[in-house]
Amino acid sequence: LKAGDEIGLALPPAKGDKGFRAWLQSKQMKPSDVDPAAGSDWNKINYNPAPATAKSNPGLFHWSKIYGFRYGIKQLKERTDILRKYLPNAGIGANFSPHHGHLYLGDTHHWISVFREGGMTMPWGEDYIWQVPVGSQQMNFIMLDMFRAAIKDKPGAKIHYYVMPHTPGNTTASWRRQFYGDLAHGAKVLNLFEFRPVQHAYTENHCSSPAMYQEVRKSLHELGKFEDIIQDGKLLPAPTGI
């Protein structure tokens, strides 16, 4: 189930002081843990994630941002729990792309925490590797690695990934590297998105290259020889984290 397209997280109300304080108290924190100048007075702790706060009161800024992330994930989880109740076998996600912020490196709270905390259940991304400047396909695989970290303790979860064969703009060699690299980095559900000629496309994405159609056919036939290993297997964790 697609819960949205390149969505962000909902933000707390501008005057979210009450919820912010309640959340901090639920973590057994004291006012002075957030702002030493507050002492023991909770009324001096006001939700404030404004960029200027990062300089004037870094502690308050930090905890305001963390609370905002938890608030947004909780809003998603409430809706996801409803869908899971009636559709227990469905994967629930919203495709994320490499276009935003730091290209090819998603925010931890968005790409990992959302799934670890039940905001959604199916990591879903897209390569768009021929549209966003890229040094190599390995840059895109960082996003798959983040998704894999997001579901490391969820054996039934599957990564859904667009492997876009759109031309002009892409090449058969580039698409093939992307296809096999995505599989190697944990993708289980592959999506070609708009695999149709320009005359029938309803967005800017299309494929008008006969050579690309042949490459995709060949690669999918190759995948059929070991698809059972891909679907039932999992990548072994590294012995060392960097």
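- Contact record, Ile151 with Pro123: CG2-CG, 3.6 Å, taken as the closest heavy-atom pair.
- For the pair Asp107 and Phe69, the minimum side-chain heavy-atom distance is 4.5 Å or more.
- A heavy-atom distance below 4.5 Å is not found between the side chains of Phe96 and Met143.
- Transitive grouping of hydrophobic side chains (ILVMFWY, heavy atoms separated by less than 4.5 Å) keeps Phe147 and Phe179 in distinct clusters.
- If you take CG on Asp127 and CZ on Phe193, they are separated by 11.5 Å, rounding to the nearest 0.5 Å.
- Scored by the side-chain hydrogen bond (donor to acceptor under 3.5 Å, both in side chains) test, Asp33 finds no partners at all (sequence neighbours excluded).
- For the pair Pro12/Phe20, no side-chain contact is recorded, criterion being any heavy-atom separation below 4.5 Å from C-beta on.
- Nearest heavy-atom pair, Pro31 versus Gly39, reported as atom, atom and distance to 0.1 Å: CB-O, 3.4 Å.
- In terms of modelled atom types and a separation under 3.5 Å, the side chain of Asp17 and the main chain of Tyr47 share a donor-acceptor contact.
- Annotation: the span from Lys27 atom NZ to Ile66 atom CD1 amounts to 8.5 Å, rounded to 0.5 Å.
- Both Ile92 and Leu87 are part of a single hydrophobic cluster, where members link through side-chain heavy atoms under 4.5 Å apart.
- Linking ILVMFWY residues whenever their side-chain heavy atoms come closer than 4.5 Å, directly or via other members, places Met29 and Trp23 in the same cluster.
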Distance-only criterion, 3.5 Å: show the donor-acceptor pairs between side-chain atoms of residues 49-58 and protein atoms not counting sequence neighbours.
| from | atom 1 | to | atom 2 | distance (Å) |
| --- | --- | --- | --- | --- |
| Thr53 | OG1 | Asn48 | OD1 | 3.0 |
| Thr53 | OG1 | Asn48 | ND2 | 3.3 |
| Thr53 | OG1 | Ala50 | O | 3.2 |
| Ser56 | OG | Ala52 | O | 3.4 |
| Asn57 | OD1 | Leu60 | N | 3.3 |
| Asn57 | ND2 | Asp35 | OD2 | 2.9 |

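- With sequence neighbours excluded, no residue satisfies side-chain hydrogen bond (donor to acceptor under 3.5 Å, both in side chains) with Lys30.
- Here Gln25 contributes atom CD and Ile45 contributes atom CD1; the two are 10.5 Å apart, rounded to the nearest 0.5 Å.
- Checked against side-chain hydrogen bond (donor to acceptor under 3.5 Å, both in side chains), Ser136 has the following partners two or more places apart in sequence or in another chain: Gln138.
- For Ser26, there are no side-chain hydrogen bond (donor to acceptor under 3.5 Å, both in side chains) partners, not counting sequence neighbours.
- The hydrophobic clustering, which links ILVMFWY residues whose side-chain heavy atoms are closer than 4.5 Å, places Val114 and Ile142 together.
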Full working for side chain to side chain donor-acceptor pair (under 3.5 Å) between Asn205 and Tyr162: CA-CA 12 Å; Asn205 307 291; Tyr162 286 126; over 6 Å; no

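- Residues in residues 73-84 take part in these side-chain hydrogen bond (donor to acceptor under 3.5 Å, both in side chains) pairs, two or more places apart or across chains: Lys74-Glu78, Lys77-Asp81.
- Proximity of Ile159 to Met122: side-chain heavy atoms (C-beta onward) are nowhere separated by under 4.5 Å.
- A donor-acceptor contact shorter than 3.5 Å is absent between the side chain of Trp175 and the backbone of Val216.
- Residues passing the ring-ring contact (aromatic ring centres under 6.0 Å, His included) test with Trp63, sequence neighbours excluded: none.
- The two residues Phe141 and Gly181 come nearest to each other via the heavy atoms CZ-CA, 3.3 Å.
- The hydrophobic cluster analysis finds Val198 isolated: no Ile, Leu, Val, Met, Phe, Trp or Tyr side chain comes under 4.5 Å of it, directly or through other members.
- By the side chain to side chain contact (heavy atoms under 4.5 Å, CB included) test, Lys44 pairs with Ala38, Asp41, sequence neighbours left out.
- Of the inter-residue distances, the one linking His200 atom NE2 with Ser208 atom OG reads 10.0 Å to the nearest 0.5 angstrom.
- Looking only at distances, no side-chain donor or acceptor of Tyr71 sits under 3.5 Å from a matching main-chain atom of Gly19.
- Among residues at least two apart or in separate chains, side-chain hydrogen bond (donor to acceptor under 3.5 Å, both in side chains) pairs with a member in residues 223-241 are Lys158-Gln231.
- Between the side chain of Ser209 and the backbone N or O of Met212, at least one donor-acceptor pair lies under 3.5 Å.
- A side-chain hydrogen bond (donor to acceptor under 3.5 Å, both in side chains) check over residues 108-123, counting only residues at least two apart or in different chains, returns the pairs Arg70-Glu117.
- Side chains of Leu103 and Pro98 form no contact here, defined as non-hydrogen atoms less than 4.5 Å apart.
- The main-chain N or O of Thr203 is found under 3.5 Å from a side-chain atom of Glu194 such that the two form a donor-acceptor pair.
- When side chains are defined from C-beta on, Ile7 counts as touching Leu76, because their heavy atoms get closer than 4.5 Å.
- Hydrophobic clustering places Leu220 together with Val163 (ILVMFWY residues linked when any side-chain heavy atoms are closer than 4.5 Å, directly or through intermediates).
- Arg196 places no side-chain N or O within 3.5 Å of a backbone atom of His206 that could act as its donor or acceptor partner.
- When all heavy atoms are compared, the tightest approach of Met120 to Ala94 is SD-N, 3.6 Å.
- Considering only heavy atoms from C-beta on, Asn95 stays 4.5 Å or farther from Tyr161 through its side chain.
- Residues in residues 176-193 take part in these side-chain hydrogen bond (donor to acceptor under 3.5 Å, both in side chains) pairs, two or more places apart or across chains: Gln137-Arg177, Asp145-His185, His160-Asn191, Arg176-Glu215, Arg176-Ser219, Arg176-Glu222, Gln178-Asp182, Tyr180-Glu222.
- Aromatic ring centres of Tyr213 and Phe195: separated by under 6.0 Å.
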